[in-house]
Amino acid sequence: MADMEEWKDGLSAAAEDAPNFETQHEQRIEEMSRLLEEKQMKRLQSVLEETEEFEVAEFLMALPPHQMATVFRMLSKEQGAAVFAELDAQEQEYIINTITDSELGSILDELYLDDTVDMMEELPANVVKRVMRIATPQTRALINQYLKYPENSAGSIMTAEFIDLKKYMTVKESFARIRRLAADMETIYTCFVTSGDRKLEGTVTVKDLIMADESAVIESIMDSSAVFCRTTDDQEDVSGMFSDYDLLALPVVDRENRLVGIVTVDDVMDVMEQEATEDIEAMAAIKPSTRPYLKTGVLSLWRNRIPWLLLLMVSATFTGMIITSFEDALAAQVALTAFIPMLMDTGGNSGSQSSVTIIRGLSLGDLEFSNFLQVIWKEIRVALLCGATLAAATFLKVLLIDRLLLGNDSITILVAATVCLTMLVTVVCAKIVGCSLPMLAEKVGLDPAVMASPFITTIVDAVSLLIYFNIAKALLHI
């Protein structure tokens, strides 16, 4: 028993002493930087060969441009293409401008088609012309075809590198075809069964093939009810299908149900990151940007932010107009002024909570416009509970702290009642606004994320002031 405890303690100590992935990653980057600085190029090349492509890309992007080009030329043809696909558009452009046509042709030969198309969408026109001139006629035709698909559609993110089989083939024949084509394919785990006119008939996985007898015919083991999407389907809907059906690859068909490409799980992960980034930026009233923050210029950041700031600033003038119109009421009961920020902030926060919840539900497909009345009814009940709780807490705060502790005799029971009743009504209105605007936005074809915190807060601020002053006039007779 003691030996067992010692063995467990030894394992725990070894686990604690073992460096984690992040530490190993930093150590490799530091080692490559040191070797480059010491000009130990052979040793650096050896380390590069043993390093994952995304780590090499990260190392390259941290280097000055001239050193980046030098190190990139040290990579093998296959690794160079894989690393090139991991680089940002700015680094890709610089690499293309520093290598020969022959070297660029080698990269294009090794790149998967979807990576090539992604690159073409980001590069400036003069670089695109050079790439198209060097690409093979077949690659050029496929690139042109992919670029015609709508932006953010399944067709724009799919790849043409997939294994297609025929339903009359045997398992043995299928494996022979997979081995012959595997080197040029992005994925081989899921294979797609097509007819003579390229129509999708089903799917079969390598696991299915391994488990079946060599003489078995594909038709007997394939899944004929395969999930698929169309070239014009939105990429966000495609990513939802991957999540719903636990897919590794999704076939993409055209209007005639002919298989024209596949979307792989790594592409969907990029889509999910892109869509999440766009939603976050839209919710913060920022025009979405595709470039990393540190590589985005000050003027670009200004252009992305200023339109919404101007709109929100102009819309906020309504708040000032409301306060101005009730100057007489405020003059008659100055104590009301102190509670304006609290009421406006609470209303804005309440609306933001509801909007974020609803936007998430719409993004995940949990909610649709048909659920509008259900959502409103649920949010009203939640708002009544939240509003009542906040009103009770406000009543105690106003009387105990503002009146007794701070000695503000102008705060009466009626003033406290005015603030508390306003709090309740404001929270209810804010949550109704916060849950309804995103759903209405999606109904008319707008991004629900646009109706998030800044926009809703501006509306709720104005509403809360109108509620506050009208209740004050009714209760306090001012």
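The first residue in the sequence is number 1, and the count goes up from there.
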Mark yes or no for whether [X], through its side chain, and [Y], through its backbone, hold a donor-acceptor pair below 3.5 Å.
| X | Y | answer |
| --- | --- | --- |
| Thr98 | Ile95 | yes |
| Thr139 | Ala135 | no |
| Ser153 | Tyr149 | no |
| Ser239 | Glu236 | yes |
| Asn371 | Leu367 | no |
| Tyr146 | Ala160 | yes |
| Tyr468 | Leu336 | yes |
| Ser355 | Ser352 | yes |
| Gln92 | Phe84 | yes |
| Glu161 | Leu113 | yes |

Taking C-beta and beyond as the side chain, do [X] and [Y] meet within less than 4.5 Å on heavy atoms?
| X | Y | value |
| --- | --- | --- |
| Glu91 | Asp88 | yes |
| Phe59 | Leu36 | yes |
| Gln374 | Trp377 | no |
| Arg28 | Val47 | no |
| Ser225 | Asp223 | yes |
| Asp114 | Glu186 | yes |
| Phe469 | Thr422 | no |
| Ser436 | Glu379 | no |

**OP:** With side-chain hydrogen bond (donor to acceptor under 3.5 Å, both in side chains) as the test, would you mind laying out the steps for Asp118 and Thr116 before giving the verdict?
**Re:** CA-CA 5 Å; Asp118 289 342; Thr116 305; over 6 Å; no
Subject >> Working for side chain to side chain contact (heavy atoms under 4.5 Å, CB included), residues Met68 and Tyr94 >> reply: CA-CA 9 Å; Met68 178 179 65; Tyr94 183 82; 3.4 Å; yes
Can you name the closest pair of heavy atoms from [X] and [Y] and give their distance?
| X | Y | result |
| --- | --- | --- |
| Gly348 | Val460 | N-CG1, 3.7 Å |
| Ser350 | Ala430 | CB-CB, 4.0 Å |
| Leu111 | Ala85 | CD2-CB, 3.8 Å |
| Val238 | Val263 | CG1-CG1, 4.2 Å |
| Ala81 | Glu110 | CB-CB, 3.2 Å |
| Ala416 | Leu399 | CB-CD2, 4.1 Å |

Got more than 12 heavy atoms from elsewhere within 6.0 Å of [atom1], [X]?
| X | atom1 | value |
| --- | --- | --- |
| Met272 | CE | no |
| Met132 | CE | yes |
| Arg255 | CZ | no |
| Glu151 | CD | no |
| Glu78 | CD | yes |

**OP:** Indicate whether any N or O donor in one side chain lies under 3.5 Å from an N or O acceptor in the other, for Asp267 and Thr264.
**Re:** yes
Roughly how far apart are [X] [atom1] and [Y] [atom2], rounded to 0.5 Å?
| X | Y | atom1 | atom2 | value |
| --- | --- | --- | --- | --- |
| Leu437 | Ser354 | CG | OG | 11.0 Å |
| Phe395 | Leu400 | CZ | CG | 9.0 Å |
| Thr203 | Leu259 | OG1 | CG | 11.0 Å |
| Gln90 | Leu123 | CD | CG | 11.5 Å |
| Leu60 | Glu53 | CG | CD | 11.5 Å |
| Met185 | Ile262 | CE | CD1 | 9.0 Å |

Original post:
Salt-bridged, Lys397 to Asp402, with N to O below 4.0 Å?
Top reply: yes
**OP:** Determine, stepwise, if the pair Leu147 / Glu121 fulfils side chain to side chain contact (heavy atoms under 4.5 Å, CB included).
**Re:** CA-CA 8 Å; Leu147 291 175; Glu121 291 176 335; 3.7 Å; yes
**OP:** Verify side chain to side chain contact (heavy atoms under 4.5 Å, CB included) between Val252 and Arg230, making sure each step is shown before the conclusion.
**Re:** CA-CA 5 Å; Val252 183; Arg230 301 198 179 276; 5.9 Å; no
**OP:** Go through the steps to decide whether Asn97 and Arg130 satisfy the test side-chain hydrogen bond (donor to acceptor under 3.5 Å, both in side chains), and finish with yes or no.
**Re:** CA-CA 10 Å; Asn97 289 332; Arg130 183 185 173 208; 4.7 Å; no
Original post:
With Arg140, which of Ile143, Leu142, Asn144 fulfils side chain to side chain contact (heavy atoms under 4.5 Å, CB included)?
Top reply: Asn144
**OP:** Carefully, step by step, assess Gln27 and Thr23 under the rule side chain to side chain contact (heavy atoms under 4.5 Å, CB included).
**Re:** CA-CA 6 Å; Gln27 289 173 348; Thr23 303; 3.6 Å; yes
